[in-house]
Amino acid sequence: MHLHERVRSLTQGTPRPGPVVYWMGRDQRVRDNAALVHAQVRAREARVPLVVAFNLVPSFLGATLRQYDFMLTGLEEVAADLEEKNIRFYLLRGDPAKNIPAFVREIGAGALVGDFEPLHIKQGWKRAVTRTITIPFDEVDARNIVPCWVASEKREFGAYTIRNKIHRNLDRFMEALPSIKKHPHRLSHARHRIGWQELREGLDVDASVAPVAWIKPGERAALKRLRAFVRYGLAHYESDRNDPAKDGQSNLSPYLHFGQLSSHAVAREVIASDAPKEAKEAFIEELVVRRELADNFCFYNRHYDVYRGLPDWARTTLDKHKRDARPHRYSLQKLEEAATHDDAWNAAQTEMVVRGKMHGYMRMYWAKKILEWSPSPTAAIRNAIYLNDKYELDGRDPNGYTGIMWAIGGVHDRPWGERPIFGKIRYMNYAGLKRKFDIGAYVERQLKASSSQSNIR
DNA sequence: ATCGGCTCGCGCAA
DNA sequence: TGCGCGAAGCCGAT
């Protein structure tokens, strides 16, 4: 068991006798949650109650009702499951930098545990909390199979530089986590009632981006989809995943993003399945190497979502081409309306707006075209992130930032033949889509989906 | 259909 | 120090 390697101390503090508080962040689940396990271990050792607190912020990096609804429905399930384990769940609202220290004081907490998140806004919250509290505060990497700081101590250049570092640690960290046990010590405070429905209805967020009906939020729904994918989809994953005209992807990313599903659970099911070895390897590569590389990029590069964060060679070449003529130029509004001359691009944009999830291959094409049609790479990155974060269920994720930075800025990629606008950034064009896929079928499907209301709840 | 070139930085072997 | 190689690319030559 290597739980201690997943934990790093944000502040040693002075332990007190009170309950252990797990401040739940991006790992919104009860099963396979190393942060929750660590918190319970601490609480059992100290013979004190265990409490989970989630801090809901009134707005978060442009999140819309679609994403808030998905998250809150999942949290409602978490709260009920924790209750059965004798673990109290609190929902706080407002600024976590104020709320968490106040909450810790109010219930007389003895120690604080958080889950690891590389996004700067969340690291900022944790820094502020660390400065205010006096009790110990541990951070646990509950998302990555190989903890981010164990896999590598620096920003990796590409997948090939991190792959070995992950694989040589993989078996060790694949060991199953203990399950959460019924907690022996009960909190004496009065029960905290949460009006989930009122909460959802009272949110002051952009409600024009509606929840979607094709995917059900929550830990149980996530496990169900995982098992269906492993049974029916995994065998064809390698051959079908990159074809936008096929339904070859796992569709697990919304669950993984909100931590309703753990990489551990997914990897375990995939490894145990009898799918062909190649399919399993291809999937594990995506699930583990690529996702954990994205966390590495964001954790070790504070400019993970802006032009400055691109590699030197990429900025040099993009700078050289920044005054190149742009034969097609679209405003953010035209992009958002899917009103370009390119029907495949419009279909991808529509898929994202209607469904909350664009096909993975099209995400690359989509972002590269935004570079081609924008006044500058800076604007391209900004607008791609804006759209991604507004509509995708898995917006605001290290994967999303890294993917956009890969497509527009050559992150984790290599230089390719020089051409206008792109410079040496890898280029993609419509002819490639036509050559490789039945792109007409993809366009057709998105048109149909957008004209029906079946995807809107 | 398939192959090599495009071109930079990193890891690793030597 | 040199060599091999890299997320999905394109393009032209065969």
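Naming: A, B, ... by sequence-line order, numbering from 1 per chain.
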Nucleotide-level pairing of DNA chain B, given in dot-bracket where Watson-Crick and G-U pairs need both distances under 3.5 Å and | marks other strands: ||||||.||||||.
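The side-chain contact (heavy atoms from CB on, under 4.5 Å) check on A/L447 picks up A/V443, with sequence neighbours excluded. For A/A339, the side-chain contact (heavy atoms from CB on, under 4.5 Å) partners two or more places apart in sequence, or in a different chain, are A/K334, A/E337. Every residue two or more places apart in sequence or in another chain was checked for a salt bridge (charged side-chain N to carboxylate O under 4.0 Å, His left out) with A/E444, and none qualifies. A search for salt bridge (charged side-chain N to carboxylate O under 4.0 Å, His left out) contacts involving A/D397 returns A/R143, not counting sequence neighbours.
Between A/H4 and A/H38, the closest side-chain pair of non-hydrogen atoms is not below 4.5 Å.
Looking at heavy-atom distances under 4.0 Å, A/R163 makes contact with sugar-phosphate atoms alone, never a base.
With 3.5 Å as the limit, one finds no donor-acceptor pair spanning the side chains of A/E76 and A/T73. Under the 3.5 Å distance criterion, with hydrogens and angles disregarded, no donor-acceptor pair is assigned to the side chains of A/D342 and A/T340. A donor-acceptor contact under 3.5 angstrom links the side chains of A/Y430 and A/D343, judged on distance only. A side-chain N or O of A/T161 and one of A/E156 form a donor-acceptor pair less than 3.5 Å apart. With no hydrogens or angles considered, no side-chain donor-acceptor pair links A/D138 and A/Y22 at under 3.5 Å. Side-chain contact check for A/N164 and A/H167: no donor-acceptor pair (N or O, by modelled atom type) lies under 3.5 Å.
Nucleotides C/dG9 and B/dG9 are separated by 23 Å at their P atoms, to the nearest Å. Taking atom P on both C/dA7 and B/dA1, the two are 27 Å apart, rounded to the nearest angstrom. Across the P atoms, C/dG12 and B/dT7 are found 15 Å apart, a figure rounded to whole Å.
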Quick one, give me the B/S/- string for nucleotides 9-14 of chain C, reading 5' to 3', where B means a protein heavy atom under 4.0 Å from the base and S means that only happens at the primed atoms, P, OP1 or OP2. BSS---
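For residues 358-380 of chain A, the pairs satisfying salt bridge (Lys or Arg N to Asp or Glu O under 4.0 Å) are A/R363-A/E392, A/R363-A/D394, A/K369-A/E372, with sequence neighbours left out. Sorted by first and then second residue, the side-chain hydrogen bond (donor to acceptor under 3.5 Å, both in side chains) pairs with a member in residues 233-247 of chain A read A/R241-A/E286; sequence neighbours excluded. Each side-chain hydrogen bond (donor to acceptor under 3.5 Å, both in side chains) pair with one or both residues in residues 402-412 of chain A, not counting sequence neighbours, would appear here, but there are none.
Along DNA chain B, read 5' to 3', the first and last nucleotides having any atom under 4.0 Å from a heavy atom of chain A are B/dC6 to B/dG11.
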Set out, line by line, the N/O atom pairs under 3.5 Å between protein and nucleotides 2-5 of chain C.
none

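If you look at A/Y304 and A/H120, their ring centroids are closer than 6.0 Å.
For the contact set between residues 283-313 of chain A and DNA chain B, defined by any heavy atom under 4.0 Å, the members are A/W313.
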